Structure formats: structure tokens, C-alpha cells
Amino acid sequence: MKLKVLTLFILLGLMVGACGQVPVASDPAESGGGTVVLVIPEEPAGLNRYLADAAIVYQVSDASVIGLTTPNEKGEYTPRLAAELPTVSEDQRTVTWKLREGLLWSDGEPMTSDDIKFTWEAVSNPNSGAFNQTAGFELIEDIETPDDLTAIVHYSEPYVGYLGQFSAALLPRHATGNPEEMTTWDYNMNPVVGGPFVVTDWRSGESITMERNENYYEEGKPYLDRLVFRIIPEAASQTALMKQGEAHVHLWPGEDKVDYDAIMEGTAAQQLVPGIWNMAIDFNLSRPGDDDPSASEPHPILGDLRVRQAISHAIDYDTLINDVMNGQVQPSTSPFAYGWYQCDVPRLYNFDVEKASQLLTEAGWVEGPDGIRVAEGALYAEDGTRLSLELQGYTAFEPLERTEQFIVENLKAVGIEANIQNYDFSIIFGSFADGAPAKLGDFDMLIYDRGYYLEPHGDVVDSYHSASIPSADNPDGDNSFRWVNPEADAAIEAAGSTFDQAERREAYCELARLIQEDAVQNYIYLFQDGYGFSSNLEGYTVSTWGSMTWDVQNWKYKG
Amino acid sequence: MTTYILRRALQALPILFLLSVFLFGVVRLMPGGPLAQAERNPNVSPEQLAALRVRLGLDQPLPIQYVKWIKAFVLEGDWGYSIKFRRPVAEMIWERVPATLILFGAGFIVMLLFAIPIGVYSAIKPYSFFDNLITTFSFAGQSVPVYWMGLVLIVIFYLNVQLFPAGGMYTIGREGEVLDLLWHLVLPITAMSFSWIAWYSRFLRSSMRDTLNEDYIRTARAKGLSARMVHFRHALRNALLPLVTLIALDLPTVFGGAVFIEAIFAWPGMGRLFWDAAKGRDYPILLAVMMIYAALTLLFNLIADIVYGFLDPRIRYD
């Protein structure tokens with residue numbers, strides 16, 4: 001018996017030996033082509049953008065499924081399948097799209113304006129089950145297709161997001177099916193597309209392979225021949241594949257950039273790009289816990305502008321960003337820190353401990369026996385009140401906890417006591433009826449990350465307009481600071497009255513300046529998304545508005 | 001015998017029913033839900049979210065959801081659709097069974113090939129140098145967490161020596177080739193069987209030691225039989241008996257898959273399916289896997305008892 005076992009193992013050893021060296025999965029060609037392997041941590045549910053339940057769908061589908069336009073790295077819509085950006089009628093209710101000439105679907109069928117019409121029919125069908133990126137479709141009354149290239153879209157009212165209406169995906173009428181059965185279409189896992197790559201193999205739990213789309217509209221592109229998305233759940237295994245050069249693109253590496261680049265020793269490097277999640281402290285200007293959600297009674301401590309300024313002066317932003325957050329975030333000073341509406345307003349109340357102390361003393365807060373200041377002639381607080389505030393965030397998010405602890409230390413240094421109070425996500429962001437502290441105005445300082453997508457206006461109105469102060473009559477309002485500033489209202493209204501992006505940006509920048517001046521909100525930093533790219537890849541651009549594969553047609557592999 | 005089997009089967013029904021209520025409750029008590037990511041997606045409106053909940057039946061009271069699920073599951077054999085993938089759960093489970101069977105089948109064989117000789121040898125020569133060495137390794141093997149072991153193997157044999165692949169079942173483009181599969185099996189099986197070998201060989205050692213102290217072994221020795229004959233014909237056969245129960249009880253875990261091993265080595269088996277479903281709160285998949293697991297555990301318990309009766313004539317079921 002022993003002998004047999006031994007023989008078996010010798011045989012096994014021989015077989016293993018026969019397998020030889022670890023093969024490199026890619027065979028780089030001189031033309032910049034070849035196979036590129038991308039590691040992703042989870043499997044997308046499908047590539048139908050209108051059914052995308054998670055961000056991973058975008059990361060894979062962007063290499064294949066495209067629409068009429070795509071937002072570029074600056075957040076500006078650029079034409080893809082459309083020949084140019086659409087023209088808009090005088091009353092802003094009619095939008096005319098032109099397709100590029102001679103477009104073919106990946107199966108060789110011609111792409112026509114009827115496919116634009118079908119996309120609207122399918123997505124707006126109430127029984128289709130489509131739920132992602134469907135905004136604006138319900139406002140479309142009809143689509144005319146006078147010829148194969150032209151689609152005239154009639155809206156019931158002007159829709160500010162019209163440039164992105166068909167940016168998610170164009171659905172082929174001939175290769176999908178009944179809109180009512182969208183959730184079970186074959187298209188979802190094997191889509192006929194207009195983008196640079198086409199799915200050829202999908203192995204559940206293992207990999208998704210895409211080959212070059214020979215019918216892609218850009219001459220000579222894509223440069224690569226094949227993409228293989230490997231589904232590797234374990235972060236350390238992903239890093240090992242990158243380190244060995246077996247994989248070339250790494251979605252959301254587990255390590256911070258400094259550590260990651262050190263591990264890779266030049267094989268690959270992490271590219272950071274601003275995300276949309278913006279960390280800030282909201283100050284409550286109204287008295288908390290007085291059953292009055294309005295700002296009529298000022299907050300005993302934070303009602304005084306000088307105290308809010310002092311808090312902003314007390315935070316050591318550079319140390320927080322570079323050391324505490326390990327450089328994985330970038331400084332931010334306003335809600336408009338990225339995108340076409342980006343405003344680079346300088347920080348008005350920067351790190352200055354002396355200035356902070358001086359402001360607090362001026363405001364009638366003098367040093368108490370235990371180092372925490374107490375009121376002595378303060379504007380709204382009774383004498384003897386301790387300068388003690390609650391800092392509220394949400395639980396189970398480690399970077400937020402790290403930030404909170406650092407800020408508490410900073411505030412202590414100028415004589416302010418801050419107590420961290422973290423609640424479950426659903427409580428912090430709950431509704432008025434749920435009694436969420438932000439809605440009721442029962443808080444001192446809220447700290448969390450918030451963000452806008454390409455069209456921010458609805459959220460801007462909800463957050464900053466004086467008509468958006470939440471109350472029983474206005475439960476959806478989000479002006480949790482209870483900030484009333486007629487200049488701010490005017491700027492918001494100006495931004496909402498035009499489609500012109502330059503004018504709108506101007507107005508948003510004015511708002512950003514007022515937010516700083518009144519110190520109602522203190523922006524700290526912006527989270528960044530990280531992608532690992534092999535040093536053998538070139539031609540890529542990382543973008544806030546696209547996934548890692550948004551410009552895959554431009555990638556080149558240099559062996 | 002038939003009445004015995006019938007009785008056991010009937011006993012299993014209320015257990016399975018209680019389990020189904022319990023599992024359904026536990027799964028739904030987990031914080032978050034299948035729509036957690038969609039809820040934080042700025043491109044999904046609250047109206048669309050509400051419509052989605054209605055579509056998936058998540059808006060109904062839990063007892064009603066339970067009754068609908070158990071009715072379809074038991075009466076119609078319909079395990080439902082995955083919330084995330086919108087594909088039939090039965091189909092998705094079936095797709096993952098071969099990968100897990102290959103991993104566990106190969107792992108089990110390797111384990112037995114090592115565990116039996118080691119266990120027998122250390123029982124025959126207790127407290128010898130070899131036995132002490134094995135004892136040390138066994139404790140190490142049972143203490144080392146399997147995911148740590150997996151990562152160490154990847155670092156050594158993939159990053160440093162570059163002998164074996166870091167994960168996956170096949171090299172891309174060589175799907176279905178047996179040699180390629182075996183090559184990919186080496187690291188996961190090594191990581192997995194390390195603790196198994198430790199555990200099973202220790203078990204066999206003590207079982208074999210007990211048997212060697214039995215009267216019939218002394219009788220066999222007194223008859224003048226060779227040591228080889230005594231050890232393998234008389235002792236080992238009896239010492240393997242308790243092992244049968246152990247194996248039978250371990251077999252259903254095959255169905256649950258090796259969550260850690262499959263995650264570290266990106267193995268497309270049941271463990272991965274279960275783990276992904278747990279992370280995404282894909283209730284229909286979670287419940288189906290757990291219910292099958294429960295039913296298989298009961299079934300294999302029964303099988304172990306029956307096989308025991310065949311192997312040991314002293315045991316009778318009436």
C-alpha cells in the first residue's frame with residue numbers, strides 16, 4: 001500500500017512538472033494589442049445598465065455597452081454614438097439627436113434612430129423593471145424618427161439632464177426582446193453593443209471574457225484584442241496577481257497608494273481620482289431639542305459665527321489629509337469640489353490655533369478649570385456653560401471614525417470639548433417622520449460624506465435654500481443647518497434659471513463662497529477612488545465620472 | 001429496517017420545518033438588504049426603489065413572504081429566482097456543484113491517503129519519535145487558520161517560487177484540460193487538507209489504540225498471526241468504524257463548500273456562491289443552500305447509522 005501511494009505521488013509530481021512555468025496570460029503584440037487581465041472583487045449581475053444594482057456593473061459594462069454620449073473626465077458630455085451634441089428648441093422642450101453615419105451593432109445589424117426610440121419605450125415601460133439611470137424618461141412624450149439618423153425627442157417640460165438622457169446605454173430593438181420581460185433578456189449577460197468590446201464568454205464565479213468589437217465606430221480602435229475580467233474576491237490574492245504581472249488592472253485595491261506602490265516595486269501603480277464623496281461638518285444654527293425645527297432660536301454655542309470660525313481654524317487639515325488619511329484623500333473646501341461645476345475657493349478659515357483661541361476669547365468663552373472653556377459674557381449661552389458639543393456621524397465606517405478622533409483632539413487643543421456620537425446610517429439619514437436628528441435640528445455638529453452626481457441642482461436647492469428648512473410641513477427639506485441667507489437663495493435661483501453651464505457654475509461658486517463666509521458647513525476632504533494599473537499599460541485616463549474601463553478603447557499594451 | 005428508516009424520516013420533518021422558520025427569520029434579521037447598494041446610488045430615484053421593492057415582494061409582511069416561499073419551495077419545488085442575478089436559484093446552485101465536488105473529492109482522497117497511514121503508524125508505535133513529530137504537526141495543523149495557510153502558500157508558491165497558480169480553476173484559454181485543473185488544485189488542497197489530515201489521523205490513532213487493547217487482538221496475537229495480519233486484518237477494520245460516522249457527518253459540508261478556501265483561491269464553487277449571496281443579502285439563494293444543507297445533514301446521519309448496522313453486526317435496528 002505504501003508503495004502505491006508513493007507511485008501516485010511521483011506520478012502527480014511528474015504531471016505538475018509537465019505543466020511547467022506559470023504562463024503569462026497575455027501575449028503582447030507590437031501594435032499595442034494583446035490581452036489585458038482586469039481583477040474585479042465581485043461578479044456583476046449582468047451588463048444591462050438600466051438594471052444595474054451595484055457599481056461593479058458599470059466597471060465591466062463600460063467596456064462594452066455605450067450610449068449616445070459619455071461624460072468625460074471633466075464631467076462634460078461628449079458624443080459617442082451621437083454625431084454631435086443634440087440641438088435644443090427655443091422652448092427647451094424638443095431635443096434633436098443625430099447618430100453617426102454608418103453605425104453597426106456588434107452583430108453587424110445597422111444601428112438606427114429607431115433604436116433610440118426603442119430605448120425610451122423599453123426603459124419607460126412601467127413593467128420593465130428598469131430602475132437605474134431612468135431619470136427624465138418619464139418626461140418624454142414622444143420620439144419622432146423622420147430618418148434613420150435623426151431622433152426628435154419631445155419633453156413635457158424642459159429637462160436639464162437631457163445631454164445624459166441616452167448616455168447609459170442604447171438598447172438594440174432587434175437583439176433584446178419584449179420590454180415587459182427585460183429582467184430575463186439574454187441581452188443582460190450577452191449584450192449586442194456599440195462599444196469597443198463584446199462579451200464572448202461568461203463563467204459564473206470565474207471570469208468574463210470580451211473580444212474586440214470589429215464594428216466599433218472609431219477607426220483602428222480599440223487597440224487591445226481581448227479583455228479578461230477575473231473575479232477574485234480576496235484582496236491579498238488580487239494584489240499577488242498584480243505583483244506577478246498576471247493581471248494588469250486592479251479595481252479598488254485594498255491597500256492605500258503609498259503602500260500599494262511600495263509592494264508593486266514598479267510592476268504597477270495605483271492611480272487616484274477624486275470620487276464624489278465629500279467629507280464635511282454641518283453646524284446647527286438653531287437651538288437643539290426645543291421642538292422647533294426653525295432657526296428662530298439660535299444655537300446657544302454655535303449660533304455665534306465666531307465659534308464656528310474658531311472650530312474651522314482649529315482643525316489641522318494638512319496632518320489630517322496626509323498622515324491620518326495616508327494621502328488617500330484630497331483637500332476640499334466646498335460642495336463643488338469636482339465636475340463641471342468645480343469651484344476652487346480657497347479655505348477662508350485655515351489652520352491657526354492662535355486665531356481660534358483669540359476668536360473664542362472674544363466671543364466670551366474663557367478657559368475653565370479643566371482646560372475646557374466656559375461662557376463668560378457669551379452671545380447666547382448663559383455664563384458658566386461649558387464649551388461642550390456633540391460630533392455626530394454614522395457607524396461602521398472606519399475612515400470617518402479616524403477623522404472624528406483627530407478632530408476631537410484638535411478641538412481639545414483650543415478648549416472645546418467634542419463628544420463623538422455615531423448612529424446607524426438609517427438614523428443619520430432618516431426621514432422627518434423617523435425623527436432623524438438632522439431633520440429635527442437636534443444636533444450640534446454632523447460629520448459625514450455627501451456627494452453630487454453630474455446634475456446637482458435638485459440637491460443644492462434641498463440643502464441650502466431657506467425654503468428647504470425641514471419641518472412638519474416640509475419634511476423633505478435638507479437645510480439641516482437652518483441657514484437663512486437671501487444672497488445664497490438668489491445664487492441658487494440664478495443657477496436654476498438657465499441651461500448654460502458657465503453661468504450656472506458662476507452662481508454655484510458664489511454659493512460656495514457664502515457657505516464659507518457664514519461657516520455653516522466646513523468641507524474637509526474628498527475621497528478618491530483607486531485603480532491599480534500595470535506599468536505595461538498606457539493611454540488610459542482615470543475619471544470621476546466613469547468607471548475604470550470608461551476609455552478602454554484608448555488603452556495600449558506595450559510589452 | 002424499513003420501519004426504522006420511515007420513523008427517522010418522519011422525525012426529520014418537524015425538524016426541517018422548525019429550521020425553515022428559524023433560518024428565514026435569521027436571514028431577514030441581518031441588517032441591510034438586497035437593495036442596499038441601489039439605495040445609495042444617486043442615479044436611482046426613491047420612486048424606482050419603491051417599485052423595485054414591490055416587484056421583488058419585499059414590501060409584504062414577513063409571515064406572508066415566508067408562507068409564499070415555503071409553499072413554492074416544498075409544494076412546487078420552485079426555489080425562486082436570485083434577487084441579484086434574476087436567474088433560477090436551482091440552476092445557479094447546480095452550476096456550482098461540480099467545482100466544489102472536484103475540490104472536496106480530491107481533497108478527501110488526499111486526506112485519506114495521508115491520514116490513514118499516519119494514524120495507523122503512530123498507533124502501532126505510540127510515543128516513538130515519528131509519533132511525537134506527528135503529534136506536534138497535528139496540533140499545528142488544527143490550530144493554523146485555513147485562510148492564513150492559503151495566503152502563505154500563495155506567497156511562497158506563487159510569488160516566490162512561481163510553481164503554482166494563485167487561484168482559479170483553469171488557466172484562461174485552457175478550460176476543461178485535466179492537467180491544468182490538477183495544477184490549479186494543488187495549493188487549495190494543500191491548504192485545506194493540512195488541518196483535515198491532522199484531525200483525521202489523530203482520530204484514527206486513538207481509535208486504533210483502543211482496538212489494539214481489545215481481547216480479540218490479544219487472541220489473534222496468541223494464535224501466532226503476523227503483526228501485519230493483526231494490524232491490518234483485525235485491528236484496522238474495526239478501528240475504521242468510528243471513522244465512517246465522522247466521514248458521513250463531514251460529507252454534507254461538501255455542499256456548503258469551503259468558504260475561505262474558495263474565496264482565497266477564487267474557486268467557483270458553492271462556498272463562493274453562498275458567501276456572495278450572504279454579502280448581497282440574496283435571500284432565495286441563502287435559504288435554498290441552508291435548507292439543502294440541513295436536509296443533507298439529517299440524511300447523512302441516517303445513512304451513517306444504517307451503514308454502521310451493516311459494518312457492525314452487534315448493532316440492530318428494530
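Computation of the quantities below employed the complete heavy-atom set of this structure, encompassing side-chain atoms and omitting hydrogens, waters and symmetry-equivalent molecules. Since we're looking at a predicted model, the values are computed, not measured.
Atom OH of Y170(B) has more than 12 heavy atoms from other residues, nucleotides or ligands within 6.0 Å. Residue F260(B) places its CZ atom among 12 or fewer non-hydrogen atoms of other residues, nucleotides or ligands, all under 6.0 Å distant. Within a 6.0 Å radius of OH in Y147(B), other residues, nucleotides and ligands contribute 12 heavy atoms or fewer. Environment of OH in Y50(A): crowded, with over 12 heavy atoms of neighbouring residues, nucleotides or ligands closer than 6.0 Å. Summarising the local packing, CH2 of W202(A) is surrounded by more than 12 heavy atoms from other residues, nucleotides or ligands at distances under 6.0 Å.
For chain B, the option among T184(A), I231(A), I276(A), D459(A) with the highest count of heavy-atom pairs below 4.5 Å is I231(A). If you tally non-hydrogen atom pairs under 4.5 Å between each of T134(A), D53(A), D201(A), T209(A) and chain B, the highest count goes to D53(A). Ranked by heavy-atom pairs under 4.5 Å with chain B, the list P126(A), A236(A), G451(A), A240(A) is led by A240(A).
E206(A) contributes no side-chain N or O that, together with a main-chain N or O of W267(B), makes up a donor-acceptor pair within less than 3.5 Å. Although no hydrogens or angles enter the test, the distance criterion places a donor-acceptor pair under 3.5 Å between the side chain of S237(A) and the main chain of I264(B).
There is no contact between Q238(A) and chain B, counting heavy-atom distances below 4.5 Å. Only the backbone of A130(A) has a heavy atom closer than 4.5 Å to any heavy atom of chain B. For chain A, no part of A51(B) is nearby; none of its heavy atoms comes within less than 4.5 Å. Of the two parts of A54(A), the backbone and the side chain both hold a non-hydrogen atom closer than 4.5 Å to a non-hydrogen atom of chain B. Using a 4.5 Å cut-off between heavy atoms, L454(A) makes no contact with chain B at all. With a threshold of 4.5 angstrom between heavy atoms, Y58(A) approaches chain B through side-chain atoms but not through N, CA, C or O.
Heavy atoms only, all atoms of each residue included: S204(A) and R96(B) are closest at OG-NH2, 3.2 Å. Here the closest heavy-atom approach between residue R55(B) and residue N127(A) is recorded as NH1-O, 3.2 Å. When all heavy atoms are compared, the tightest approach of G205(A) to R272(B) is O-NH2, 2.9 Å.
Ion pairing between E42(A) and K279(B) fails under the 4.0 Å rule for side-chain N and carboxylate O.
Under the 4.5 Å side-chain criterion, counting only non-hydrogen atoms from C-beta, K243(A) is in contact with L159(B). Proximity of P268(B) to R203(A): side-chain heavy atoms (C-beta onward) are nowhere separated by under 4.5 Å.
Side-chain N/O atoms of E246(A) and Y158(B) include a donor and acceptor closer than 3.5 Å.
Atom CD1 of I261(B) is separated from atom CD of E234(A) by 11.0 Å, given to the nearest 0.5 angstrom.
Within residues 83-90 of chain B, the residues having any heavy atom closer than 4.5 Å to a heavy atom of chain A are K84(B), F85(B), R86(B), R87(B), listed by residue number.
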